[in-house]
Amino acid sequence: MNLKVSDAIIKSLEKENIDTVFGYPGGAVLPLYESLRTSNIKHILVRHEQSAAHSANSYGRAIEKTGVCMVTSGPGATNLITGIATAYMDSIPLVIITGQVKSTALGKDVFQEADITGATEPFTKHNFLVKDPESIPRIFKEAFYIASTGRPGPVLIDIPVDIQNMEIKFDYPNQVDIIGYKPTIEGHMGQIKRAITKLKSSKKPLICVGGGVICSRASDELRTFVERSKIPIIHTLMGLGSFPTNSPYYVGMVGSHGHDYSNIIVTEADLIMIVGARVGDRFTSGFEFSNKKVDIIHVDIDPAEIGKNLDITIPIVGDAKTILRDFSNKISQLNIEKWMDRISVIKKNHVKNDDFNNNFIDARKAIKYVSDIVDENTILTADVGQNQFWAAHSFEIKGDRKFFTSGGLGTMGYSLPAAIGAKLASPEKKVICVVGDGGIQMSLSELGTLSENNLDIIIILFNNNKLGMVKELQDFHYGKSKNFGSEYKLNPDFVKIAEAYGLNGKAVSTNNEFEETFKIALEGNKGFLIECKVDPDYSTL
Ligand SMILES: Cc1ncc(C[n+]2csc(CCOP(=O)(O)OP(=O)(O)O)c2C)c(N)n1
């Protein structure tokens, strides 16, 4: 079948079962937009390209597929960069389509030319600059395959506008065969047996899971493994959502912003089995092993992550789902009652009772309230800063709840477009967006996208008129009087802004008021922004 390349691109998306793309048009993608117009694929017009990447990121996370976004060349493409890097750091599969200037003009610095494949090379899993129109079906097949297999990540396809207008013979491949790209799925059986032996002789074992468990859809396998072995479990920020927080084997979050007790417990373990976590600095800076001999088993699909930041006793490369299944088949209940008792004692003695200033909303209490009353399939998106950790510490994972945040890059402005992507992916679910006054102003215009698409997302804005997390670091390192560049002397009236976009909004300053307002927002069928006054002097440090 002969097709125009722009039609062939849409056909390729259809072949990959893509039903929604997030985008922002311009001259270099117009042929593609014209083909999209007459297709059944839904286009969500965002207000800034970065948001297209964030929305596609969470759309994919919500329905466990690869998200797609498309933008024009030059500034459209460069505006995407932070969104691409955000997805890359969190191993989120994305296919990004960028229009490019005419192939005959490449390299001549013509209007709106930017070398986007060059610019994104360090933080795309792979990228393509299309030179041969006939390669379109193969490139799309490969792009979706690369994005979603092995360690997932973003793949960018840059397509010159003249190529979009050419005609090709369209034949979508059924299979891919990429030389040098064969992710290891099955774990090495010898290593798994060694690990099982170590686990069986351990007196104080701990499982530590990261976002890789979610990426590989291994939550059920993880649960089975924990139920069989009875080993307690800690997680990284990205691992939140992989395991129910109300399980008796759940300990807490580890790392620099984790629970104090988790960071103590991890140092007392004699064996840690890390699954699908890259052991970044926010993990390791939360505690010190104090020269103690601890055995570490590290399961990860990306061999480059194993041994990067910690000395590993037993490395196992492969897919978390497959490997956890293998472990479950070989493990039986460990005799670790004493260790479980010790964990309970540590937990009891190290619960942090923050002194919240009563003149403000207690943000953790507010999120706890939300967590207690929302359905078990709610999705919560959290931004970056203090609000992120209030949310991570107080939102319980039970049932099919999901928690999306930017863990690796720590991108402010993520949670609002992410909530939009999640809600469009799963309209039947409640979606809550948690954000600070700094973060919301990085993607405030997406209130337009939210309202235009009638999305009844509830935005919980914790407003301290400060870049709270930066301010608390300045307080800690330089003293309270040394805050510089972290205060907004002028913040807008956020409720009025929400109303201007046709949403509901209310400012609240006590927890009672918050609870009443949240209940109203929950019952409504319209986007609702709740602005919560929080203590500008709050510190987690
Ligand atoms: C795009 C981006 N720029 C800068 C930072 C550095 N940073 C981390 S937390 C933070 C403050 C966030 O303030 P706000 O959104 O108001 O949230 P709060 O900490 O007050 O909850 C900043 C500036 C970042 N993470 N992302």
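Values below: all heavy atoms of this structure, side chains included; hydrogens, waters and symmetry mates excluded. Whatever order the structure lists them in is the order used to number ligands and atoms, beginning at 1. The residues of the chain are indexed from 1 along the displayed sequence. Computed from a prediction, not measured in an experiment: that's the story for all the values here.
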Tyr24, OH: over 12 other non-hydrogen atoms inside 6.0 angstrom | no
Salt bridge check: are Arg364 and Asp362 linked by an N-O gap of less than 4.0 Å?
-> no
Find the distance between OG1 (Thr20) and CD1 (Ile44) and round it off to the nearest 0.5 Å.
-> 6.0 Å
Please determine if Asp475 and Lys480 form a salt bridge, counting it only when a charged side-chain N lies under 4.0 Å from a carboxylate O.
-> yes
Mind checking what residues have non-hydrogen atoms under 4.0 angstrom from ligand 1?
-> Val384, Gly385, Gln386, Asn387, Gly410, Met412, Gly436, Asp437, Gly438, Gly439, Met442, Asn464, Lys466, Leu467, Gly468, Met469, Val470
Which pairs would a plain distance check flag for residues 414-424, meaning a side-chain donor or acceptor within less than 3.5 Å of a matching protein atom at least two apart in sequence or in another chain?
| unit_1 | atom_1 | unit_2 | atom_2 | d |
| --- | --- | --- | --- | --- |
| Tyr414 | OH | Asn57 | OD1 | 2.9 |
| Tyr414 | OH | Arg61 | NH1 | 2.8 |
| Ser415 | OG | Asp383 | OD1 | 3.1 |
| Ser415 | OG | Val434 | O | 3.0 |
| Lys423 | NZ | Pro427 | O | 3.0 |
| Lys423 | NZ | Lys429 | O | 2.7 |
| Lys423 | NZ | Asp456 | OD1 | 2.9 |

Where the side chain of Asp437 meets the backbone of Lys466, is there a donor-acceptor pair that is under 3.5 Å apart?
-> yes
